[in-house]
Participant: 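Here's a structure for you.
A, B, ... follow the sequence lines: proteins, then strands. Residue 1 opens every chain.
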Amino acid sequence: MSISGAPESTSVIPPDDFPAQYDPAATEAAIYARWQEAGCFTADASRSARIGGDRQPYVIVMPPPNVTAILHVGHGLNGSVQDVLVRWARMKGLETLWLPGMDHAGIATQNVVEKQLAAEGLSRNDLGREKFVERTAAFVKETGGVILQQLKSIGASADWSRAAYTFSPELSVAVREAFVRLYERGLIYRGHRVIHWCPRCLTSLSDEEAEGQETTGALYHLSYPLADDPTKSITVATTRPETMFGDVAVAVNPADERYQAMIGKNVILPILNLPIPVIADDYADPAFGTGVVKITPAHDANDFEVGRRHELPMPIVIDANGNMNEEADAAGRVPPELRGVDRFEARERVVVMLERAGNLVKKEPHQHSVRHCYRCDTVVEPRLSDQWFVRMAPLAEPALEAARTGRVRILPEKWVGVYEHWMTNIRDWNISRQIWWGHRVPVWYCKECDPPQNVIASREDLTACPFCGCDVVQDEDVLDTWFSSALWPMSTLGWPNDESTDLRAFYPTDVLVTAPEILFFWVARMIMMGYAFKGDAPFHSVYLHGTARDTQGRKMSKSLGNGIDPMDVVNLYGADALRYTLIAGMGLGSDVFLDPSDLDKSFATGRNFATKLWNIGRFLLMNVGSDDVRPFAGLKTEELGRADAWILDRLDAAIRECDRAIGPMKPADDMWRPEELASGLRLNEYAETARRFVWNELADWYVEANKARLLTAGDDQQVARSVLVHVFDQALRLLHPIVPFVSEALWQRLPGHVDGTFLATSSWPIARDVAADERPAQFELIKEIVEAMRRVRAEYAIAPGKSIDAFAVVAPATRRTLEEEVALLGRLARTTLGFVDTAPEGAAANVILAGGTELVIPLAGLIDVKKECEKLSTELTNLEKQLASLVSRLENPGFLARARADVVESERAKRDEWTTRRDLLRTRFEGLCGKA
RNA sequence: GGGCGAAUAGCUCAGCUGGUUAGAGCGCCUGUCUUACACACAGGAUGUCGGGGGUUCGAAUCCCUCUUCGCCCACCA
């Protein structure tokens with residue numbers, strides 16, 4: 001198939017400049033390069049109205065992907081959403097900044113490098129801290145940042161000149177500043193307590209990093225004999241019998257009748273034969289298990305609290321690697337045969353030992369949540385240690401208020417409740433990690449000074465104690481990666497330098513787009529830090545998008561092997577196909593389902609749409625040519641045909657709908673009004689509206705209606721060329737944020753395109769404000785007539801080549817204005833259409849259109865009269881039934897009294913229309929089929 | 001265990017504050033290579049809007065309840 005079949009006179013575009021088949025691979029990279037050369041995505045701080053410029057700023061900070069990450073569909077989804085928003089804002093004339101960057105991803109990156117070392121038979125300790133950090137930095141420098149390149153190939157219009165990195169010198173300054181300020185305000189403290197410990201990563205984790213997984217384990221009932229009467233015993237229930245060596249007490253509820261006599265007595269810890277006290281504490285729940293809980297303060301966060309309340313010792317019996325071992329306060333507690341044994345292995349063996357000793361009462365299956373390391377999935381071990389914490393309650397207060405007052409809008413709204421719940425029950429944040437890759441805790445210890453002077457948090461590296469001048473040592477720990485991420489919107493713009501141009505021009509930012517999983521990891525903490533250091537929220541909107549899932553609803557992941565590589569999609573169908581499919585397929589907050597085994601089907605929507613768009617462009621260029629086009633603005637209203645008036649009307653409607661779907665860009669006066677909290681950011685509605693306009697209105701009707709006009713030289717041809725080019729130009733603008741490449745490629749080829757201008761930086765369409773006129777409605781009538789004729793043809797299986805005659809019975813005034821236009825459109829249905837005042841006699845297909853217009857198609861010899869009668873009969877019956885129910889509604893006093901006036905009005909209009917139709921149908925029926 | 005959300009065409013979902021003959025994409029059926037497009041065009045079929053109650057003149061839409069799925073949180077060992 002080539003365009004050689006096209007009439008020579010209109011074939012003005014050489015095939016090599018406008019291939020018949022859209023080729024994204026050949027188009028996209030070149031276009032992206034030109035955008036970058038032209039600086040289309042580089043934001044100019046001096047234009048921000050906040051520092052005296054002429055434009056409102058619009059800023060999105062990109063959730064920084066891990067520096068080692070490779071693009072997956074989740075990133076594709078996230079990036080596409082942000083890119084749609086920033087491209088939209090840019091076209092709306094705002095000074096738009098999409099600030100990209102990467103996260104050094106402490107534990108994750110360290111794990112990658114440690115794995116490499118392991119392959120060489122080395123551990124990080126073999127290298128030592130300094131060498132290890134050097135090696136990791138080199139690895140990151142060498143291989144990191146792949147994902148940023150990949151984001152470019154999906155069209156991300158980020159300002160790469162501002163790309164940031166959480167571990168850069170600049171951002172490290174911000175991290176230190178934040179730490180020291182919080183420390184000085186008493187919001188960071190060092191605590192000795194039970195935290196989540198990953199025995200594989202050998203570091204502590206925050207509550208959020210230790211993810212619970214429902215697991216079927218066992219609940220073991222163990223009997224601990226009484227010290228003063230070994231014939232009696234008390235039964236405790238536990239899921240972790242191996243921790244018994246760390247038991248220092250058993251607790252019962254003070255109100256529990258059953259155990260009143262035991263409180264204060266001692267029981268004997270089996271195997272070890274150690275006496276431990278029975279204590280009373282509210283923590284013991286009489287309703288759970290036996291009502292008795294063993295207390296292991298060093299290996300359970302709750303037991304730790306109990307231990308503190310009762311001033312109990314806290315022996316550690318499991319070491320950092322998760323093996324049974326005697327550590328602090330545990331001398332003689334771990335039996336020699338278990339020393340060095342893995343905790344799970346030990347569990348089995350302890351159970352056997354207890355069983356032999358007769359202390360195992362029973363074992364029952366038990367469902368409970370076991371926490372795993374979010375980076376390596378190892379079962380987390382609660383461990384007693386010294387860690388740094390952030391006091392969260394004071395920080396959470398303004399952040400919570402922000403969501404309540406409308407300063408920050410969270411979409412979809414269902415997350416607001418989750419956010420509130422978390423914020424009101426917030427717990428302190430463990431920010432220290434026992435790894436090497438990350439921001440080292442900026443705290444130095446002096447051995448000579450007395451507390452509190454011996455602990456110094458400092459913005460500068462210290463070599464000597466500022467108080468006594470002697471040597472100091474820096475804390476060994478590094479900070480949680482998320483501590484630096486929490487500062488992201490500020491630190492990337494220049495904070496802590498409050499005078500920084502970018503910070504003044506672009507902070508606070510506008511929308512944060514991310515996945516709901518990291519609402520607490522990241523989003524909530526950014527809001528808190530924003531208030532803590534800048535006194536304001538870092539953005540006014542949080543958009544939480546869905547997850548990419550496979551056809552079985554499973555989350556796409558590397559480990560499951562059910563992922564889709566976005567680069568495959570880009571290579572096969574182009575970035576636009578990927579973007580359109582993702583954006584159109586994702587309702588607010590709902591997940592996107594894709595079939596990894598059938599990319600062709602999964603991305604058909606986007607691919608087909610890009611192709612369609614390309615073909616409209618081809619038609620336009622082949623038929624409009626490259627000769628000068630009359631400027632649209634110079635056209636007089638009366639020069640426009642009905643089709644022109646109609647498509648312009650549809651365009652205005654589409655523009656309005658798209659604007660409404662994406663929603664208000666910013667809150668007025670920095671506060672969302674209640675009714676705005678749930679509105680906007682419906683990107684799928686925007687995509688659907690734009691698609692419908694371009695495909696179903698522009699291509700299916702306007703282009704078809706214009707074919708004849710464009711071939712007939714004259715004034716009207718010039719009008720048609722002008723309107724077509726204008727409407728397509730506007731349509732490309734409307735679509736550009738979703739499908740930037742193909743729209744740009746086409747826009748650059750439009751007649752009259754000025755070299756060096758880009759669709760990416762052109763203006764967003766504005767709906768006209770014009771007086772209503774009757775022509776769009778008249779075109780709708782033509783459309784209906786054509787559709788009716790097609791239906792009749794299909795129904796009676798009239799051969800495609802065979803022309804038929806039809807008559808439309810319309811009001812004389814309308815008829816006069818319709819005739820010429822319908823003549824042009826007649827070919828659409830291969831029908832000769834005439835207009836008459838009354839229907840002709842004889843057999844005919846009869847269609848009643850909206851508004852009471854009757855279409856009569858005399859089909860002598862073509863139709864089966866009996867079939868037609870049956871059809872008329874059922875149509876008539878249905879209509880009468882519907883009409884009856886409508887009439888009864890309109891006669892219902894309750895309805896008339898309570899329904900809104902406009903509803904009543906429209907119901908009445910509908911009744912009148914249906915009545916007319918019913919009468920026409922009845923006449924037709926009686927004429928054709930007789931009274932029978 | 002607490003909280004939140006969802007259930008609409010074979011599949012993925014729209015249907016906003018109650019009033020439409022309940023929609024879209026993909027899939028399916030029937031025609032068509034009509035000079036931009038077969039990744040297309042034209043036409044078509046398919047839904048007791050999860051079950052049951054209720055409020056109302058009127059419910060896919062509001063309330064209650066049940067069922068089934070998701071998600072978030074949680075110290076019941």
Participant: Should A:H366 be listed as having a side-chain N or O under 4.0 Å from OP1 or OP2 of B:A77?
Facilitator: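 Affirmative; the distance criterion is met.
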
Participant: For A:V592, report the nucleic acid contact type (base, sugar-phosphate, nothing); a contact means any heavy atom under 4.0 Å.
Facilitator: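 No contact at all - A:V592 keeps every heavy atom at 4.0 Å or more from the nucleic acid.
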
Participant: Determine the interatomic distance between C1' on B:G43 and the same-named atom on B:U65; round to the nearest Å.
Facilitator: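 Rounded to whole Å, the distance is 45 Å.
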
Participant: With a 4.0 Å cut-off on heavy atoms, is A:Y283 in touch with a base, just the backbone sugar-phosphate, or nothing at all?
Facilitator: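 Answer is base: heavy atoms of A:Y283 come under 4.0 Å of a base.
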
Participant: Given pairs defined as Watson-Crick or G-U wobble with both distances under 3.5 Å, what dot-bracket annotation applies to RNA chain B, with ( ) intrastrand, [ ] crossing, | other strand and . unpaired?
Facilitator: (((((((..((((.....[...)))).(((((.......))))).....(((((..]....))))))))))))....

Participant: Taking the P atom of each, how far is B:A22 from B:A45, in whole Å?
Facilitator: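 Nearest-Å result for B:A22 against B:A45 at atom P: 13 Å.
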
Participant: Distance between the C1' atoms of B:U56 and B:C63, in whole angstroms?
Facilitator: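 That atom pair is separated by 12 Å.
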
Participant: Using every non-hydrogen atom in the two residues, find where A:K612 and A:A699 come nearest and quote the distance to one decimal.
Facilitator: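 That would be CE-CB, 3.8 Å.
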
Participant: Using salt bridge (Lys or Arg N to Asp or Glu O under 4.0 Å) as the criterion, list what pairs up with A:E880, not counting sequence neighbours.
Facilitator: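 A:E880: salt bridge (Lys or Arg N to Asp or Glu O under 4.0 Å) contacts with A:R922.
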
Participant: Just jot down the salt bridge (Lys or Arg N to Asp or Glu O under 4.0 Å) partners of A:R691, sequence neighbours excluded, or say none.
Facilitator: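 A:R691: salt bridge (Lys or Arg N to Asp or Glu O under 4.0 Å) contacts with A:E688.
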
Participant: Of the listed nucleotides (B:C76, B:C75, B:G25), which one gets closest to any side-chain atom of A:T605?
Facilitator: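 That would be B:G25.
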
Participant: Produce the list of close N/O pairs, under 3.5 Å, pairing protein atoms with atoms of nucleotides 57-60 of chain B; give distances to one decimal.
Facilitator:
unit_1	atom_1	unit_2	atom_2	d
B:C57	OP1	A:R898	NH1	2.4
B:C57	OP1	A:R898	NH2	2.9
B:C57	O2'	A:N892	ND2	2.9

Participant: Between B:C13 and B:G70, how far is it from one P atom to the other, in whole Å?
Facilitator: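 Pairwise P distance, B:C13 against B:G70, rounds to 13 Å.
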
Participant: For A:G291, report the nucleic acid contact type (base, sugar-phosphate, nothing); a contact means any heavy atom under 4.0 Å.
Facilitator: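 Base: the residue A:G291, judged by heavy atoms under 4.0 Å, touches a nucleobase.
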
Participant: Which nucleotide, B:G19, B:A36, B:A77, lies nearest any side-chain atom of A:E907?
Facilitator: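 Looking only at side-chain atoms, A:E907 lies closest to B:G19.
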
Participant: Looking at A:K910, does any N or O in its side chain come under 4.0 Å of the phosphate oxygens OP1/OP2 on B:G19?
Facilitator: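 A:K910 to B:G19 OP1/OP2: no side-chain N or O under 4.0 Å.
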
Participant: Quick one: label A:S602 by what it contacts on the DNA or RNA (base, sugar-phosphate, nothing), any heavy atom closer than 4.0 Å.
Facilitator: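 Touches nothing.
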
Participant: Could you go through nucleotides 3-9 of chain B and list every protein N or O atom that sits under 3.5 Å from one of its N or O atoms, giving the distance for each pair?
Facilitator:
none

Participant: Taking the same atom, C1', in B:A14 and in B:A24, what whole-Å distance lies between them?
Facilitator: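 It comes out at 7 Å once rounded to the nearest Å.
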
Participant: Please determine whether a side-chain nitrogen or oxygen atom of A:N615 lies at a distance below 4.0 Å from atom OP1 or OP2 of B:A40.
Facilitator: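 Indeed not, no polar side-chain atom of A:N615 lies that close.
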
Participant: I'd like to know if A:E242 and A:R240 make a salt bridge, using a cut-off of under 4.0 Å between side-chain N and carboxylate O.
Facilitator: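 Yes, this pair counts.
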
Participant: Hey, does A:R682 reach any base, or is it just sugar-phosphate, or nothing, if we go heavy atoms under 4.0 Å?
Facilitator: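 Answer is nothing: A:R682 stays at 4.0 Å or more from every strand.
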
Participant: With the criterion being N/O to N/O and under 3.5 Å, what pairs connect the protein with nucleotides 41-44 of chain B, and how long is each?
Facilitator:
unit_1	atom_1	unit_2	atom_2	d
B:C41	OP1	A:K612	NZ	2.8
B:C41	OP1	A:W695	NE1	2.6

Participant: So which of A:T239, A:T238, A:T290 actually passes side chain to side chain contact (heavy atoms under 4.5 Å, CB included) with A:L219?
Facilitator: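 Testing A:L219 for a side chain to side chain contact (heavy atoms under 4.5 Å, CB included) against A:T239, A:T238, A:T290 leaves exactly one candidate, A:T239.
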
Participant: May I ask you to say whether A:K601 pairs ionically with A:D595, meaning some side-chain N is under 4.0 Å from a carboxylate O?
Facilitator: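 Salt bridge: no.
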
Participant: Side chain to side chain contact (heavy atoms under 4.5 Å, CB included) between A:L750 and A:L620: does it pass, once the steps are laid out?
Facilitator: CA-CA 9 Å; A:L750 286 181; A:L620 185 139; 4.0 Å; yes

Participant: May I ask you to say what A:Q21 touches in the nucleic acid, namely base, sugar-phosphate or nothing, with a heavy-atom cut-off under 4.0 Å?
Facilitator: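 Base, at least one base heavy atom under 4.0 Å.
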
Participant: Within this structure, what is the CG-to-P distance between A:D598 and B:G25, rounded to whole angstrom?
Facilitator: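 Rounded to whole Å, this separation is 19 Å.
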
Participant: Which class fits the ring pair A:Y22 and A:W614: parallel under 30°, tilted 30 to 60°, perpendicular over 60°?
Facilitator: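 If you compare the ring of A:Y22 with that of A:W614, the planes turn out tilted.
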
Participant: At 4.0 Å (heavy atoms only), tell me whether A:V292 reaches a base, stays on the sugar-phosphate, or touches nothing.
Facilitator: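 Base, at least one base heavy atom under 4.0 Å.
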
Participant: When the C1' atoms of B:G15 and B:U20 are considered, how many whole Å apart are they?
Facilitator: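 Straight-line distance between the two C1' atoms is 11 Å.
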
Participant: Is A:R427 near enough to B:C73 that one of its side-chain N or O atoms lies under 4.0 angstrom from OP1 or OP2?
Facilitator: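 So the side chain of A:R427 is outside the cut-off, no N or O lying under 4.0 Å from OP1 or OP2 of B:C73.
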
Participant: Are any of the side-chain heavy atoms of A:W415 and A:P516 separated by less than 4.5 Å?
Facilitator: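 Contact flag for A:W415/A:P516 side chains = yes.
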
